[in-house]
Amino acid sequence: MGQDRLGQLKPSQLRVLIAVADGGSFSEAALQLQLSQSAVSYAIATLEEDLGVVLFSRGRYGAVPTPVGQQIIERARHVLHLIEDIYQQANLAKGFEGGQLRIAAFRSAATHILPEVIAQYCQRYPAIAITIAEYDDRPDVESDLRKGKADVGITYLPHAPDLEASELTQDEFVVLFPPDTALPEPLTWETLTTYPLIMAPDGDSCDAMVINHGRQYGVELTPTYQIRSDATIVNMVAKGLGAAISPRLAAEPIPPGVQVCSLPEPIYRIICVATLADALLPPPVFAFMELLKESTQDALDPSNKTSPRQKAQEMV
């Protein structure tokens with residue numbers, strides 16, 4: 001490629017290229033990048049024209065990289081990684097006089113944990129630009145860390161081995177029952193399984209934890225409804241359509257009248273702050289992690305006599 005054509009290649013095109021490859025279709029890439037499908041199609045068509053090769057085979061089953069397309073995609077990942085590294089080095093030099101802090105978090109942590117910490121952080125370091133990406137579940141958070149899209153992530157145990165994580169707090173899984181439900185004291189697994197269960201679609205990490213937990217006690221939890229949105233699940237419980245098992249943070253705000261109980265054998269989601277192992281982290285990231293740990297240290301203090309269940313309730 002000549003020097004005059006080198007300037008035509010844009011990082012934004014490479015991001016679209018990788019998104020199409022990862023998503024398997026132009027529509028999925030558009031959804032991931034929050035672009036229109038026509039914008040994604042235009043970016044790929046322009047890139048193919050500039051390079052003079054076909055990057056994807058289009059068909060009714062999506063977009064499949066051609067052999068040369070696969071080679072270029074691999075190099076595009078490497079180029080974007082180098083670009084991120086350039087910004088990381090610049091941030092290290094700027095310290096707290098500029099730079100950025102990129103956070104990825106699962107949705108309930110972004111809603112209930114981050115706002116107070118971000119407010120304090122902005123007061124201390126007003127020159128740092130902050131971006132927050134929130135996701136339905138932890139795999140997307142950890143993926144952002146691996147791809148260099150985030151400096152720090154809020155996830156929960158068990159985390160992937162290529163991450164370093166520190167525990168922040170515990171979030172109890174609670175059972176939500178419709179209003180006016182007559183419940184025995186204490187709640188039993190037998191009673192719980194008589195209700196229609198509203199759960200997330202297959203593959204949800206939290207539901208997997210609950211299902212495995214139930215199996216330890218000989219109970220098979222089977223969903224009657226499968227819904228992605230936490231808010232929709234809670235509102236379905238409020239309308240009397242069934243019961244749900246949810247981390248308390250994900251269930252908040254709980255509508256008036258919805259009954260909240262502990263599981264017959266309690267289980268907790270251990271929320272962590274994570275970074276990529278051996279990552280070169282700039283000072284703003286270290287400062288954020290320390291502030292985040294400070295804000296949750298009371299919940300982890302052994303001298304605090306409050307139970308883990310009460311701690312999870314008090315933090316909301």
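As a basis for the values below, the full set of heavy atoms in this structure was taken, side chains included, without hydrogen atoms, waters or symmetry mates.
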Approximate separation, where rounding is to 0.5 Å, of Ser246 OG and Ile233 CD1: 7.0 Å
Report the distance from atom CD1 of Ile130 to atom CZ of Phe288, rounding to the nearest 0.5 Å. 7.5 Å
Arg215 meets the salt bridge (charged side-chain N to carboxylate O under 4.0 Å, His left out) criterion, sequence neighbours left out, with Glu220
If two hydrophobic side chains count as joined below 4.5 Å and joins carry through other members, does Val68 share a cluster with Val79? yes
In terms of hydrophobic clustering (I, L, V, M, F, W, Y; side-chain heavy atoms under 4.5 Å; direct or indirect links), are Val273 and Ile132 co-clustered? yes
Measuring from atom OG of Ser205 to atom CG of Asp136, what distance do you get when rounded to the nearest 0.5 angstrom? 11.0 Å
Side chain Glu48, main chain Leu55, donor-acceptor under 3.5 Å: yes
Would you check if there is a donor-acceptor pair between the side chains of Glu116 and Ser295 at a distance under 3.5 Å? no
Does any N or O in the side chain of Gln259 come within less than 3.5 Å of the main-chain N or O of Pro178, such that one atom is a donor and the other an acceptor? yes
With distance as the sole criterion, is a donor-acceptor pair present between the side chains of Gln32 and Glu28 under 3.5 Å? no
Side-chain donor/acceptor of Asp207 to backbone N/O of Ala200, under 3.5 Å: yes
Looking only at heavy atoms, the pair that brings Ile211 and Leu221 closest together is CG1-O, 4.1 Å
Roughly how far, to the nearest 0.5 Å, is the CG atom of Leu168 from the CD1 atom of Ile154? 6.0 Å
Are Ile73 and Val53 connected into the same hydrophobic cluster when the rule is that any two of I, L, V, M, F, W, Y join if their side-chain heavy atoms are below 4.5 Å apart? yes
Less than 4.5 Å apart, side chain to side chain, heavy atoms only: is that true for His213 and Phe173? no
So does Gln216 have more than 12 non-hydrogen atoms from other groups sitting under 6.0 Å from CD? yes
With heavy-atom distances below 4.5 Å as the criterion, would you say the side chains of Asp144 and Arg102 are in contact? no
Calculate, to the nearest 0.5 Å, the distance between atoms OH and CD1 belonging to Tyr121 and Ile128 respectively. 5.0 Å
If only atom types and distance count, is the side chain of Asp204 paired as donor or acceptor with the main-chain N or O of Cys206 below 3.5 Å? yes
Regarding Glu134 and Arg107, does a basic nitrogen lie under 4.0 Å from an acidic carboxylate oxygen? yes
Please check: side-chain N/O of Arg138 versus main-chain N/O of Tyr156, any donor-acceptor pairing under 3.5 Å? yes
What orientation do Tyr217 and Trp189 show, parallel under 30°, tilted 30 to 60°, or perpendicular over 60°? parallel
For Val237 against Ala243, the heavy-atom pair lying closest together: CG2-C, 4.1 Å
Is any NZ, NE, NH1 or NH2 atom of the basic residue among Arg124 and Glu290 found under 4.0 Å from an Asp or Glu carboxylate oxygen of the other? no
Non-hydrogen atoms of Ala160 and Arg146 that approach each other most closely: CB-NH2, 3.0 Å
Going through the checks in order, is the side-chain contact (heavy atoms from CB on, under 4.5 Å) test met by Arg58 and Ile44? CA-CA 12 Å; Arg58 284 83 157 169; Ile44 295 299; 3.6 Å; yes
Verdict with reasoning, Leu276 to Asp162, per side-chain contact (heavy atoms from CB on, under 4.5 Å): CA-CA 6 Å; Leu276 198 62; Asp162 58 343; 4.2 Å; yes
Is there a continuous path of hydrophobic side-chain contacts, each under 4.5 Å between heavy atoms, that joins Leu101 to Ile113? yes
Answer yes if Leu145 and Leu281 sit in the same cluster of Ile, Leu, Val, Met, Phe, Trp and Tyr residues linked by side chain heavy atoms under 4.5 Å apart, and no otherwise. no
Between the side chains of Ser262 and Glu172, is a donor N or O closer than 3.5 angstrom to an acceptor N or O? yes
To the nearest 0.5 Å, what is the distance between CE (Met236) and OG1 (Thr232)? 8.0 Å
If only side-chain N and O atoms count, and only distance matters, is there a donor-acceptor pair under 3.5 Å linking Arg269 with Ser108? yes
Is Asp171 reaching over with its side chain to a backbone N or O of Leu249, donor-acceptor style, under 3.5 angstrom? yes
Take Arg248 and Ile254 through the test side-chain contact (heavy atoms from CB on, under 4.5 Å) and record every step on the way to the result. CA-CA 9 Å; Arg248 179 175 284 272; Ile254 299 174; 4.2 Å; yes
Could you pull out the closest heavy-atom pair between Pro196 and Thr224, with the gap in Å? CA-OG1, 3.4 Å
